[in-house]
Visitor: 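The structure that follows is given in the form of structure tokens.
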2 protein chains.
Amino acid sequence: MARGSRTDLAVLGALSIAPMTGYAVRAGIQDVLGHFWSESYGQIYPTLARLEADGCVERRAGERPRSSVYALTDSGGVRLRELLAAPDEPTPPRNGLLLRLFFGHVLGAEEVARLVSVQRDRAVAQLAELAVARAEIDPSEEHGPFALLTVSAGEHSARAAIAWADEALAVLVEIVADGDRLTTRHRPASADAP
Amino acid sequence: MARGSRTDLAVLGALSIAPMTGYAVRAGIQDVLGHFWSESYGQIYPTLARLEADGCVERRAGERPRSSVYALTDSGGVRLRELLAAPDEPTPPRNGLLLRLFFGHVLGAEEVARLVSVQRDRAVAQLAELAVARAEIDPSEEHGPFALLTVSAGEHSARAAIAWADEALAVLVEIVADGDRLTTRHRPASADAP
DNA sequence: GGGCACATGTAAGCTGTTACATGATTAA
DNA sequence: TTAATCATGTAACAGCTTACATGTGCCC
């Protein structure tokens, strides 16, 4: 799947739930898909215009002045299924924390531990947000089970991040301790003034 | 940290290991950081030129004609530590598999299961690659322990992906079974011709 | 001599964000 | 009345990939 069609997929998917304005598409993506997807207005409005030109969506006057409601057409439905069936080609990896960690000896273990703690806190916070999201899903709705699976993916990922962070922090504490042992080895064993 | 400095961080980090050519920087990032970072030539060469103009790296003639070896300067070292200490600001989430999963009722549970299987296979393959990477690290080297932590992060993440995929596949099988039950309910219990 | 690894660079293009400009409607 | 929300769009810019152009050195 061409990378460019990912916004198409998100927008067509949103319109498959119900016809709505561009503004509502954005709000829906932020609120409902927020933990694994994002789109900005700068993407959404041009995308809607292009999809309309391609006959994938139909534009109708909205209730308010200057507002338009977009609805999925038949060929838009076909296009949506095409995009859904296409395998997800992974983007090149770019993990800023691991990049910093790899060059950790330059920065020092203590500073690295601080960065890892920040990441751990974020994962804990995400777990709490996911619990809220989970509670808001109605499992009897048609896409309820699918929504629950996306929440579950986030939870697995967050728990793994926490477990790793704990492991990493333990290792980093040891590295700090070793450093202390090395620098204090030649000093008297009794406590000096701080 | 401005997003734009992430390539700077990767390049300066590479040069903190040893002075090398742009080509070697790219190869090093691909081979050593490959499981969590990537850079293309289109980023590396302009970045090196800019870092040289800023006085962060020094360019010297390499052994081959037309080749240059870049080395970290003192101010480059300072810049590297600055970038390393800056917290990693997370990029907006974009998970193509979860996007597809969320709209799974449009595609059907069986097709979704196929997509999840592909993801599971990828995670299994990654785990194998990480085992190789782990074996190649010398833990007595100064950055050995840090490199091991990056491998460990990959392993945690891959194992979580596999566990989630197994859970998801089990749920999807049930959804398929429910669908079959509903569609066969009104047919005779005895086997019809296929 | 042919192919591969080494080596440098640029141009075009795509994806995406941010900030801005503009204005109507509604709830406090 | 005034602030928040609803609503549409664009322009500028940032980041990144791909493909191309170009050439050297080394090994089979």
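Here is how names work: the chains are called A, B, and so on, in the same order as the sequence lines, proteins then strands, and each is numbered from 1.
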Visitor: Given the ring of A:F36, does B:R94 sit roughly above its face, with NZ or CZ under 6.0 Å from the centre of the six-membered ring and within 45° of the axis?
Guide: no
Visitor: Taking OP1 and OP2 of D:dC16, is either one under 4.0 Å from a side-chain nitrogen or oxygen of A:R94?
Guide: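 Yes.
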Visitor: Please examine the side chains of B:R100 and B:V112, heavy atoms only from C-beta on, and report whether any two atoms are closer than 4.5 Å.
Guide: no
Visitor: In this structure, are over 12 heavy atoms from other groups packed under 6.0 Å from A:E174 atom CD?
Guide: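 Count not over threshold, so no.
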Visitor: Rounded to whole angstrom units, what separation is found between the OH atom of B:Y70 and the P atom of C:dT8?
Guide: 7 Å
Visitor: Output the rounded distance in Å from CH2 (B:W37) to P (D:dT17).
Guide: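 After rounding, the reported distance stands at 10 Å.
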Visitor: Please indicate whether A:D31 has more than 12 foreign heavy atoms, meaning atoms of other residues, nucleotides or ligands, lying under 6.0 Å from its CG.
Guide: yes
Visitor: Find the distance B:Q30:CD to C:dA5:P and express it as a whole number of Å.
Guide: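 My rounded result for the distance is 13 Å.
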Visitor: Among the candidates C:dA24, C:dT15, C:dT8, find the nucleotide nearest to the side-chain atoms of B:R59.
Guide: C:dT8
Visitor: Quickly work out the A:M20 CE to D:dC6 C1' distance and round it to whole Å.
Guide: 15 Å
Visitor: Students often get this wrong, so: under 4.0 angstrom with heavy atoms, is B:S40 touching a base, only sugar-phosphate, or nothing?
Guide: base
Visitor: Please tell me which of the listed nucleotides, C:dA7, D:dA7, D:dG25, lies nearest to the side chain of B:R66?
Guide: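 In terms of side-chain proximity for B:R66, the closest of C:dA7, D:dA7, D:dG25 is C:dA7.
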Visitor: What is the separation between atom CD on B:E39 and atom P on C:dA7, rounded to the nearest whole Å?
Guide: 19 Å
Visitor: Is it true that a side-chain atom of A:D54 and a backbone atom of A:C56 form a donor plus acceptor pair closer than 3.5 Å?
Guide: no
Visitor: Whole Å only: how far is the CD atom of A:Q43 from the P atom of D:dA14?
Guide: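 A:Q43 atom CD is separated from D:dA14 atom P by 17 Å.
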Visitor: Which part of the nucleic acid, if any, lies within contact of B:R26, taking any heavy atom under 4.0 Å across all strands shown: a base, the sugar-phosphate backbone alone, or nothing?
Guide: nothing
Visitor: Round to the nearest Å and state the distance from B:R50 atom CZ to D:dC16 atom C1'.
Guide: 13 Å
Visitor: Using side chain to side chain contact (heavy atoms under 4.5 Å, CB included) as the criterion, point out the one residue from B:R134, B:E129, B:H156 that pairs with B:V151.
Guide: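 Exactly one option meets the side chain to side chain contact (heavy atoms under 4.5 Å, CB included) with B:V151, and it is B:R134.
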Visitor: Tell me whether the OP1 or OP2 atom of C:dG9 has a side-chain N or O from B:Y41 closer than 4.0 Å.
Guide: no
Visitor: Is B:G42 touching bases, backbone alone, or none of the nucleic acid, heavy atoms closer than 4.0 Å?
Guide: base
Visitor: Reckon A:R64 has a side-chain N or O less than 4.0 Å from the OP1 or OP2 of D:dT5?
Guide: no
Visitor: Would you indicate which nucleotide in D:dT5, C:dT10, C:dC6 comes nearest to any side-chain atom of A:Y23?
Guide: D:dT5
Visitor: Let me know the distance between CZ of A:R6 and P of C:dT15, rounded to the nearest Å.
Guide: 10 Å
Visitor: Tell me which nucleotide among D:dT8, D:dT24, C:dA24 gets nearest to the side chain of A:S68.
Guide: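 The answer is D:dT8.
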Visitor: How is A:S38 classified with respect to the nucleic acid when contacts are heavy atoms under 4.0 Å: base, sugar-phosphate, or nothing?
Guide: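 If one applies the 4.0 Å heavy-atom cut-off, A:S38 turns out to touch the sugar-phosphate alone, with no base involved.
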Visitor: Let me know, please, whether A:P46 or A:P65 comes out on the 5' side of the other along DNA chain D by nearest nucleotide.
Guide: A:P65
Visitor: From D:dC16, D:dT8, C:dT10, pick the nucleotide closest to the side chain of B:T7?
Guide: D:dC16
